[in-house]
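Scroll down for the structure; my scribbles are underneath it.
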Amino acid sequence: MSIRTRFAPSPTGYLHVGGARTALFSWLYARKHGGRFILRIEDTDIERSSIDSVNAILEGMTWLGLEYDEGPIYQTERFNRYHEVLQQLLDSGNAYRCYCTKEELEQMRARQKARKEKPRYDGRCRSGAGPREGVEPVIRFRNPLEGAVVVDDMVRGRIVFANSELDDLIIARSDGTPTYNLTVVVDDLDMGVTHVIRGDDHINNTPRQINILRALGAEPPRYAHVPMILGDDGKRLSKRHGAVSVMQYREGGYLPQALLNYLVRLGWSHGDRELFTVDEMIELFDIRDVNRAASTFNSEKLLWLNHQYIMNSPPEQVAHHLSYHMGRLGIDPADGPPLTEVVKAQRERTRTLVEMARNSAFFYREFEEYDAKAARKNLKPEAVEPLGDMLENFRTLPDWSGEAIHRIVRETAELRGLKLGKVAQPLRVAVCGGAVSPPIDVTLELLGRERTIRRMERAIAWIAGQNAVATQSDSG
RNA sequence: GCUCCCAUCGUCUAGUGGUCCAGGACGUCGCCCUCUCACGGCGAAAACAGGGGUUCGAGUCCCCUUGGGAGUACCA
């Protein structure tokens, strides 16, 4: 039998990293076994679902490259089917109408809690309650009273639930709409899902779903409950923990590959390996190797991984993603050196694309002003002469190459009896505005002769200006 | 409260009864390289939650305690 997995988010917010990892695991499992991966949108809670959320989820999946083979399937389009199953359950006696009011149920729960019991429906309508005026009934599933449900979970092993712990859950609201536990069961059944891979917050729902499945005369799929991802405070990851939306990582300058690699290693490992291409993940991943314990999201390690991918991915690929961030800064890459060259020059010193874009802006447009600290330290009167020397040489340099530029910088230092840093640093600040850039020869080569000369002149003038101000205030 | 799940360095993890005075990675701290920032190289500190068993032998199996998490909805 060919394997079919699914990712079934409810569209009540963006795609967050926890959901993305669950989706990744499902996707990998299907890919590894040559099966199919289905995307299903669980939007039966009309109050809380939104089209914006659907789009946000789709956008996140696309950016990560988790393409689905079927779907998206919307549960709201399957109401006829759910009603059919509901009727079937009613007819077979596996479900019944319940006329208890919300108030009654709340009181029941309050009393149970006061007695330190587990709050649950006591089954008062189970043996055939008659209609009550002004009460639209809900439909409840008639859960077996005795016996146990055994789940052989692919990551947890065997879990046993006593039916006596379960109550008769609501499978249709009083407005007739089906609830989650019914729709998952029907959908997984209809869609031929063979492996349900989901967060372990669903473990407690599993025995109920299995009971419904059995009442329908179906065999349950295999289950794999993967652990949750916790925030820095040890609590379940949520919107309170800041950047948890997948798309926020795009904005933050992360490569989708890096996020995927980080996510797959959270709860799964293959010996001592840290870096996996997507193809390697598909080859090596096994749901049985997934950890049982919850893990904490560590932004520092993600940053390191992102840097690894920036350094080791093909420059063209990095450049492609970088152009998005250049665009966000209002920069047109046509106004300067090729982006792939910038990537090669910057990749070792920037851990995110946002950083790379920001630190490379000077290649494409003038910077507003010098970094105060860098200027104070390097653009001093004693820098004027070496800068002037180099400027003259640069004007007449026959070939504007890194080697030639490097030779001039080195010779200037030797001629003036200065350490290389004393010459290179002022030059760096002059052309890029700050104290940090790629090696000076690489920087100048990419920047081009025109811009280099203009900025050196500007720096020399600026130093003179500073000097004049200082002299003035001295005499005043 | 009740039910279920979980427990190796700060974090992610390796480890499936002996080869573990516990290995790797991130981070941290030294040193080296160096025109800045980095990259890179070398090195260091850092963990089997506690207690009982089982066994010749336990991080590895069992039980209890403790600590965390989830569920307990006419949410998914």
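Small disclaimer: the values here were computed from a predicted structure and weren't measured. Side chains included, hydrogens not; waters and symmetry mates left out as well; all remaining heavy atoms used. The sequence lines fix the lettering, A, B, ..., with proteins before strands; numbering per chain opens at 1.
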- Task: Describe the nucleic acid contact of A:Lys116 in one word from base, sugar-phosphate, nothing, applying a heavy-atom distance below 4.0 Å.
- Result: sugar-phosphate

Exercise. Just checking A:Gly199: base, sugar-phosphate only, or nothing, at a heavy-atom cut-off of under 4.0 Å?
Worked result: nothing

Is a donor-acceptor contact shorter than 3.5 angstrom present between the side chain of A:Glu274 and the base of B:G24?
-> yes

From NZ of A:Lys301 across to P of B:C9 the rounded distance in Å is 14 Å

At under 4.0 Å, does any side-chain N or O of A:Thr296 touch on OP1 or OP2 of B:C12? yes

Closest non-hydrogen atoms of A:Leu322 and A:Leu353, given as atom of the first, atom of the second and distance, are CD1-O, 3.7 Å

Among B:C5, B:U72, B:C37, the one nearest any side-chain atom of A:Arg156 is B:C5

Discussion item. Please classify the nucleic acid contact of A:Thr44 as base, sugar-phosphate, or nothing, using heavy-atom distances under 4.0 Å.
Written reply: sugar-phosphate

Between CD of A:Glu106 and C1' of B:U72 the distance, given in whole Å, is 15 Å

- Message: Parallel, tilted or perpendicular, judged at 30° and 60°: which one describes the rings of A:Phe79 and A:His83?
- Response: perpendicular

Mate of B:C33 across any strand shown (Watson-Crick or G-U wobble, both atom pairs under 3.5 Å) is none

Quick note, A:Lys118 side chain, CB onward, closest among B:C39, B:U72, B:A76 is B:U72

Return yes when atom CD of A:Glu117 has more than 12 non-hydrogen atoms of other residues, nucleotides or ligands closer than 6.0 Å, and no otherwise. yes

Assign A:Tyr262 to base, sugar-phosphate, or nothing according to its heavy-atom contacts below 4.0 angstrom with the strands shown. nothing

Atom CZ of A:Arg208 and atom P of B:G71 are separated, to the nearest Å, by 12 Å

Pairing partner of B:U66, by Watson-Crick or G-U wobble and under 3.5 Å for both distances, is B:A7

Answer for the Watson-Crick or wobble partner of B:A44, both distances under 3.5 Å, is B:U28

d(A:Asn261 CG, A:Leu275 CG) to nearest 0.5 Å is 5.5 Å

For this session: Identify whether any heavy atom of A:Arg273 sits under 4.0 Å from a base atom; if not, whether one sits that close to sugar-phosphate; answer base, sugar-phosphate or nothing.
Result: nothing

Looking only at the side chains, is there a donor atom on one of A:Asn143 and A:Asn211 sitting less than 3.5 Å from an acceptor on the other?
yes

A:Ser269 has its side chain closest, among B:U36, B:A14, B:C74, to B:A14

- Near A:Lys373 NZ, under 6.0 Å, is it more than 12 heavy atoms from other residues, nucleotides or ligands? no

Rounded to whole Å, CD of A:Glu165 lies from P of B:A70 at a distance of 20 Å

Atom CD1 of A:Ile203 and atom C1' of B:A76 are separated, to the nearest Å, by 16 Å

- Ignoring hydrogens and angles, are the base of B:G71 and the side chain of A:Asp201 linked by a donor-acceptor pair under 3.5 Å? no

Problem set entry | A:Tyr249 and A:Phe297 aromatic ring geometry - parallel, tilted or perpendicular at 30°/60° bounds | tilted

Checklist entry - Which is true for A:Asp441 with a 4.0 Å heavy-atom rule: it touches a base, it touches only sugar-phosphate, or it touches nothing? => result base

Checklist entry - When we call it a touch if two heavy atoms are under 4.0 Å apart, what does A:Leu266 touch: a base, just sugar-phosphate, or nothing? => result sugar-phosphate

Per atom distances to the A:Met311 side chain, the nearest of B:C5, B:A70, B:C39 is B:C39

Between A:Phe367 and A:Ala430 the two heavy atoms that sit nearest each other are CZ-O, 3.6 Å

Worksheet item: Which part of the nucleic acid, if any, lies within contact of A:Lys113, taking any heavy atom under 4.0 Å across all strands shown: a base, the sugar-phosphate backbone alone, or nothing?
Response: nothing

Exercise for review: Could you check whether A:His225 gets within reach of a base, just the sugar-phosphate, or nothing at all, counting any heavy atom under 4.0 Å?
Suggested key: nothing

Would you mind classifying the nucleic acid contact of A:Pro438 as base, sugar-phosphate or nothing, using non-hydrogen atoms under 4.0 angstrom? base

Hits for side-chain hydrogen bond (donor to acceptor under 3.5 Å, both in side chains) against A:Gln346, two or more places apart or cross-chain, chain-then-number order -> A:Ser360

Of all heavy-atom pairs linking A:Arg410 and A:Leu420, the shortest is CA-CD1, 4.0 Å

(request) Kindly check if the number of other-residue, nucleotide or ligand heavy atoms within 6.0 Å of CD (A:Glu414) is above 12? (result) yes

Among the nucleotides B:U72, B:G24, B:A70, whichever has the atom closest to the side chain of A:Asn204 is B:A70

Note: contacts of residues 285-295 of chain A with RNA chain B (heavy atom, under 4.0 Å) are A:Asn291, A:Arg292, A:Ala293, A:Ser295

Separation of B:G71 atom P from A:Asp200 atom CG, nearest Å, is 9 Å

Q) B:A76 phosphate, OP1 or OP2: any side-chain N/O from A:Arg173 under 4.0 angstrom? A) yes

| said: Surrounding CZ of A:Arg115 (heavy atoms of other residues, nucleotides or ligands, distance under 6.0 Å), is the total greater than 12? | reply: yes

Under 4.0 Å, counting only non-hydrogen atoms across every strand here, what does A:Glu117 touch: a base, just sugar-phosphate, or nothing? base

The Watson-Crick or G-U wobble partner of B:U16, with both key distances under 3.5 Å, is none

note: A:Asn306, atom CG; B:A25, atom P; distance rounded to Å ~ 20 Å

For B:G1, the nucleotide meeting Watson-Crick or G-U wobble distances (both under 3.5 Å) is B:U72

Considering only heavy side-chain atoms of A:Asp272, the closest of B:A73, B:G27, B:A14 is B:A14

Within less than 4.0 Å of OP1 or OP2 of B:C75, is there a side-chain N or O belonging to A:Thr179? no

* More than 12 heavy atoms of other residues, nucleotides or ligands under 6.0 Å from CZ of A:Arg358: is that the case? -> no

Distance test, side-chain N/O of A:Arg410 to OP1/OP2 of B:C35, below 4.0 Å: no

Rounded to whole Å, the CG-P distance (A:Leu275 to B:G24) equals 17 Å

Here the residues of residues 420-431 of chain A within 4.0 Å heavy-atom distance, strictly under, of RNA chain B are A:Leu420, A:Gly421, A:Ala424, A:Gln425, A:Arg428

